[in-house]
Amino acid sequence: MIEKTYKTSIDAIKDVNDGVTIMFGGFGLAGIPQNLIRALYEKGTKDLTVISNNPGSRLDENEYGLAMLFKAGRVKKFIGSYPTATRSFKELYERGLVELELVPQGTLAERIRAKGAGIGAFYVKTGADTLISKGKETRTINGEHYVMEYPLDADFAFVKAYKSDKYGNLVYRYTGSNFNPLMAMAAKVTIAEVEELVEPGNIEPDAVHTPCIFVHRIVKGEYYDRWYE
């Protein structure tokens, strides 16, 4: 197997250039790849299409996580389910400075999973007969209306795991098992930020949540802010 570890978060994202599409794991502030986000901000990459449940989070009148990329004007399009999580996104959207593709949360997760599972498209009841279904193929199944949804693709996935070995076998912890496992399977290049890096053989096979075949790069996060929402 190939060792995939990088010394710093900046090294791990050095080829993430302007105009790419990135999936960011996390739900609120739980399980976000905060060191990779910080490195991307410092690198200055712009014109991003961001796929995430929310565009950062608001806590004690301050905004954290992905909000730093929106505040800096680095994002041209957001695809997610909870865009009102931050004031900065709302202001940019109202000024026409960022595009929004609103996706119901369960559909968002399934569109990401579908990409990783090789599913070409699927029908779902959520959003049928609403603005969500406008312009999309619909179908009546057993008397009920459904809308067809396509998988979501991305150039990169930035995910956060609790632990990994040097081959990229990932273990998530508690709420960190949110969008991270799905996104790890769905992008062309998956970069995993981890809190603990161990030697191969130190993770029981049954404990692995994301197998190393889906992970291309691993970096041990430099430092962590601990938020409580």
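Residue indices begin at 1 and follow the sequence shown. Since we're looking at a predicted model, the values are computed, not measured.
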Query raised in the report: Applying the side chain to side chain contact (heavy atoms under 4.5 Å, CB included) test to Phe156, which of Leu48, Leu40, Asp15 qualifies?
Result: Asp15
Query raised in the report: What distance separates Thr86 OG1 from Lys90 NZ, expressed to the nearest 0.5 Å?
Result: 10.5 Å
Requested in this report: Show your working on salt bridge (Lys or Arg N to Asp or Glu O under 4.0 Å) between Arg217 and Asp11 and close with a plain yes or no.
Outcome: CA-CA 10 Å; Arg217 304 174 193 173; Asp11 289 339; over 6 Å; no
Query - Gap between atom CD1 of Ile119 and atom OH of Tyr150 - 0.5 Å precision - result: 14.5 Å
Query raised in the report: Does Asn54 use its side chain to pair, donor to acceptor, with the backbone of Gly56 at less than 3.5 Å?
Result: yes
Report summary line: When rounded to the nearest 0.5 Å, the distance separating CD of Glu196 from CG of Asp165 is 11.5 Å
Report task. Please answer: with hydrophobic residues joined when any side-chain heavy atoms are less than 4.5 Å apart, are Ile112 and Tyr82 in the same cluster? Result -> no
**Report entry** Exam field: side chain Asn178 to backbone Thr175, donor-acceptor pair closer than 3.5 Å
**Finding:** yes
Requested in this report: Could you check if a side-chain atom of Leu170 sits within less than 4.5 angstrom of a side-chain atom of Val208, using non-hydrogen atoms only?
Outcome: no
Query raised in the report: Is the shortest side-chain N to carboxylate O distance from Glu42 to Arg38 below 4.0 Å?
Result: no
Report task. Determine the interplanar angle of the Phe78 and Phe70 rings, folded into 0 to 90°, and report it as parallel if under 30°, tilted if 30 to 60°, perpendicular if over 60°. Result -> perpendicular
**Report entry** Sidechain-backbone polar pair: Asn53 side chain, Phe179 backbone, donor-acceptor under 3.5 Å
**Finding:** no
**Report entry** Glu195 vs Lys163, salt bridge (Lys or Arg N to Asp or Glu O under 4.0 Å): CA-CA, chis, key distance, verdict
**Finding:** CA-CA 6 Å; Glu195 293 187 42; Lys163 183 189 293 186; over 6 Å; no
Query raised in the report: Is a donor on one side and an acceptor on the other found under 3.5 Å between the side chain of Glu193 and the backbone of Leu36?
Result: yes
Report task. Kindly give the heavy-atom pair with the smallest separation between Pro55 and Ala85, and that separation in Å. Result -> CD-CB, 4.2 Å
Query raised in the report: Stepwise, does the side chain to side chain donor-acceptor pair (under 3.5 Å) test hold for Ser88 with Glu63?
Result: CA-CA 8 Å; Ser88 56; Glu63 295 184 339; 2.8 Å; yes
**Report entry** Flag if over 12 foreign heavy atoms under 6.0 Å of CG, Asp60
**Finding:** no
Requested in this report: Check whether any side-chain heavy atom of Val98 sits under 4.5 Å from a side-chain heavy atom of Lys77, and report yes or no.
Outcome: no
Query raised in the report: Is any side-chain N of the basic residue among Glu99 and Lys76 closer than 4.0 Å to the acidic one's carboxylate O?
Result: no
Query raised in the report: Okay, side chain of Glu199, backbone of Lys166: is any donor-acceptor separation there less than 3.5 Å?
Result: no
Query raised in the report: Can you check whether Ile132's main-chain N or O pairs, donor with acceptor, with Lys136's side chain at less than 3.5 Å?
Result: yes
Query raised in the report: Is the cationic atom of Arg58 (NZ for Lys, CZ for Arg) positioned less than 6.0 Å from the six-membered ring centroid of Phe89 and within 45 degrees of its normal?
Result: no
Requested in this report: Report yes or no: is the cationic atom of Lys160 (NZ for Lys, CZ for Arg) closer than 6.0 Å to the six-membered ring centre of Tyr224, at no more than 45° off its axis?
Outcome: yes
Query raised in the report: Hey, does Phe158 have a side-chain heavy atom less than 4.5 Å from the side chain of Ile13?
Result: yes
Query raised in the report: Is the backbone of Val16 close enough, under 3.5 Å, to the side chain of Lys43 for a donor and an acceptor to pair up by distance?
Result: yes
Query raised in the report: Where is the tightest heavy-atom contact between Thr21 and Ile51, given as atom of each residue plus distance?
Result: CG2-CD1, 3.8 Å
Query raised in the report: Has Arg139 got its NZ or CZ under 6.0 Å from the middle of the six-membered ring of Tyr146, at an angle within 45 degrees of the ring axis?
Result: no
Requested in this report: Would you please test Thr210 and Tyr172 for side chain to side chain donor-acceptor pair (under 3.5 Å) and show each step?
Outcome: CA-CA 9 Å; Thr210 294; Tyr172 307 98; 2.7 Å; yes
Query raised in the report: Is there a donor-acceptor contact under 3.5 Å from the side chain of Asn169 to the main chain of Pro211?
Result: no
Report summary line: OG1 (Thr190) and CE (Met23) are apart, to the nearest 0.5 Å, by 9.0 Å
Query raised in the report: Hey, is Arg74 close enough to Asp18 for a salt bridge, meaning N to O under 4.0 Å?
Result: no
Query raised in the report: Taking atom types as modelled, is there a side-chain donor on Glu149 or Tyr123 under 3.5 Å from an acceptor on the other?
Result: no
Requested in this report: Report the distance from atom CE of Met185 to atom CG of Asn180, rounding to the nearest 0.5 Å.
Outcome: 12.0 Å
**Report entry** Under-4.0 Å salt bridge between Arg87 and Glu61
**Finding:** yes
Requested in this report: Determine whether Asp129 and His145 make a side-chain contact, defined as any pair of heavy atoms from C-beta on separated by less than 4.5 Å.
Outcome: yes
Query raised in the report: At their closest point, which heavy atom of Ser164 faces which heavy atom of Ile218, and how far apart are they?
Result: OG-CG2, 4.0 Å
Query - Polar side-chain atom of Lys4 near backbone of Ile191 as donor-acceptor pair, under 3.5 Å - result: no
Query raised in the report: For atom CG of Leu100, is the number of surrounding heavy atoms from other residues, nucleotides or ligands below 6.0 Å larger than 12?
Result: yes
**Report entry** Single-linkage hydrophobic cluster Tyr41~Val219, side-chain heavy atoms < 4.5 angstrom
**Finding:** yes
Requested in this report: Decide yes or no for Phe24 and Ile32: does some side-chain heavy atom of the first lie under 4.5 Å from some side-chain heavy atom of the second?
Outcome: no
Query raised in the report: Hey, does the side chain of His209 reach the backbone of Val171 with a donor-acceptor pair shorter than 3.5 angstrom?
Result: no
Query raised in the report: So how far is it from Glu101 CD to Ile79 CD1, rounded to the nearest 0.5 Å?
Result: 4.5 Å
